[in-house]
Amino acid sequence: LNVADSSEWTDYVVEADLSVGTNDNNNAGIMLRATNIGNGSDEYNGLFVGIGYVPGNTQAQAVMIGYADGNWHDIKPIPHPIEVNRVYNLKVVAYGQNFAVYLDDEFISTFTNSTFTKGTVGVRSYNTPFDVYDLTVRPLVKDDLKVFADNGLKGEVWANGDVPVATVRLAAKDGYT
């Protein structure tokens with residue numbers, strides 16, 4: 001992975017340490033395979049995995065999986081307790097049309113999507129201030145793909161090692177919205 005060519009990225013692992021600042025209709029997390037990024041929460045084309053609350057239901061804490069194409073679309077909100085101001089490590093493995101989601105090293109779910117095949121990563125929020133402490137993107141390694149074995153995914157891993165390609169210190173307790 002080359003940071004200069006991030007709009008062409010396809011297969012990678014992205015991780016961020018983040019927290020949400022309120023406990024109402026909100027979410028914050030990672031955009032992946034993102035293109036045409038604008039200024040609003042849903043003004044991009046790409047996938048999103050984050051933490052927060054199911055839209056329209058402030059009592060439903062969840063790991064949010066969805067996508068934006070100028071509008072928001074839920075793919076798979078997964079009920080999960082989320083505490084305000086607690087820092088969570090969110091990790092997504094992207095391999096072809098297959099994705100695996102982890103929260104604090106706990107496997108949460110897999111999902112598939114073939115609409116967005118390449119693009120950069122970023123962070124975004126909806127309706128909430130949030131903190132992001134680290135964002136790391138690295139190439140896949142063989143161990144990353146074990147999660148897909150139950151789905152019959154086959155193929156060779158071409159990535160070497162597990163050294164982070166890009167580590168960006170985004171904030172030291174400063175929120176981004």
Side-chain angles (χ1 to χ4, degrees), residues 1 3 6 9 12-35 37-68 71-94 99-111 113 116 119-140 143-144 147 162-177:
L1 296 173
V3 175
S6 66
W9 289 352
Y12 47 81
V13 176
V14 59
E15 286 188 70
D17 293 330
L18 53 94
S19 65
V20 292
T22 61
N23 63 352
D24 52 11
N25 187 20
N26 68 53
N27 58 65
I30 301 169
M31 298 184 307
L32 55 150
R33 294 194 178 161
T35 60
I37 300 170
N39 291 323
S41 295
D42 301 330
E43 290 184 29
Y44 67 99
N45 294 326
L47 297 162
F48 172 81
V49 176
I51 59 172
Y53 294 80
V54 175
N57 185 347
T58 60
Q59 302 304 311
Q61 303 163 345
V63 173
M64 304 297 299
I65 300 172
Y67 71 93
N71 292 301
W72 175 253
H73 307 273
D74 282 321
I75 293 175
K76 189 177 189 179
I78 300 165
H80 195 285
I82 303 296
E83 297 174 32
V84 173
N85 296 322
R86 177 175 173 230
V87 177
Y88 291 90
N89 176 265
L90 182 62
K91 174 180 165 181
V92 183
V93 177
F99 301 86
V101 178
Y102 298 83
L103 190 63
D104 290 338
D105 295 321
E106 175 190 348
F107 171 72
I108 299 296
S109 182
T110 59
F111 70 98
N113 182 285
F116 305 102
T120 193
V121 300
V123 292
R124 62 93 96 175
S125 73
Y126 172 75
N127 207 27
T128 190
F130 73 107
D131 293 322
V132 177
Y133 300 98
D134 289 297
L135 176 71
T136 301
V137 184
R138 65 171 172 80
L140 293 168
D143 284 347
D144 296 324
V147 68
D162 53 7
V163 177
V165 171
T167 300
V168 181
R169 176 83 48 199
L170 292 176
K173 298 188 180 179
D174 292 329
Y176 289 88
T177 57

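Atoms considered below: every heavy atom in the structure, side chains included; atoms not considered: hydrogens, waters and symmetry mates. Everything numeric here is computed off the predicted structure, so don't read it as measured data.
- When every heavy atom of Pro77 is checked against every heavy atom of Asp74, the shortest pair comes out as CD-CB, 4.3 Å.
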Determine all donor-acceptor pairs shorter than 3.5 Å in which one atom belongs to a side chain in residues 37-47; sequence neighbours excluded.
from, atom 1, to, atom 2, distance (Å)
Ser41, OG, Ser125, O, 2.7
Asp42, OD1, Arg124, NH2, 2.8
Glu43, OE1, Asn39, N, 3.4

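- Closest non-hydrogen pair, Leu18 versus Ala28, comes out as CD1-O, 3.9 Å.
- Once rounded to the nearest 0.5 Å, the distance linking CZ of Arg33 with OG1 of Thr120 reads 12.5 Å.
- The line from OG1 of Thr136 to CG of Asp17 is 8.0 Å long, rounded to the nearest 0.5 Å.
- With a 4.5 Å cut-off on side-chain heavy atoms, Ile82 and Leu103 count as touching.
- Of the listed residues (Val132, Val123, Val101), just one forms a side-chain contact (heavy atoms from CB on, under 4.5 Å) with Leu90, and that residue is Val101.
- From His80, atom NE2 reaches atom CD1 of Ile108 across 4.0 Å, with rounding to the nearest 0.5 Å.
- Under the ring pair (Phe, Tyr, Trp, His ring centres under 6.0 Å) criterion, Phe111 pairs with Phe99, sequence neighbours left out.
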Go through the steps for Leu32 and Phe116 under the test side chain to side chain contact (heavy atoms under 4.5 Å, CB included), then give the verdict.
CA-CA 9 Å; Leu32 55 150; Phe116 305 102; over 6 Å; no

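- In this model, no donor atom of one side chain and acceptor atom of the other lie less than 3.5 Å apart for Asp104 and Asn89.
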Before giving the answer on side chain to side chain contact (heavy atoms under 4.5 Å, CB included), spell out for Val20 and Ile51 the whole-Å C-alpha distance, their side-chain angles and the decisive distance to 0.1 Å.
CA-CA 8 Å; Val20 292; Ile51 59 172; 4.0 Å; yes

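- With sequence neighbours left out, the side chain to side chain contact (heavy atoms under 4.5 Å, CB included) criterion links His73 to Tyr67, Asp69, Asn71.
- Residue Tyr12 holds its OH atom at 13.5 Å from CG of Asp144, rounded to the nearest 0.5 Å.
- Distance alone, capped at 3.5 Å, places no donor-acceptor pair between the Lys91 side chain and the Ala100 backbone.
- Atoms CD and CD, from Glu83 and Gln61 in turn, are 8.5 Å apart once rounded to the nearest 0.5 Å.
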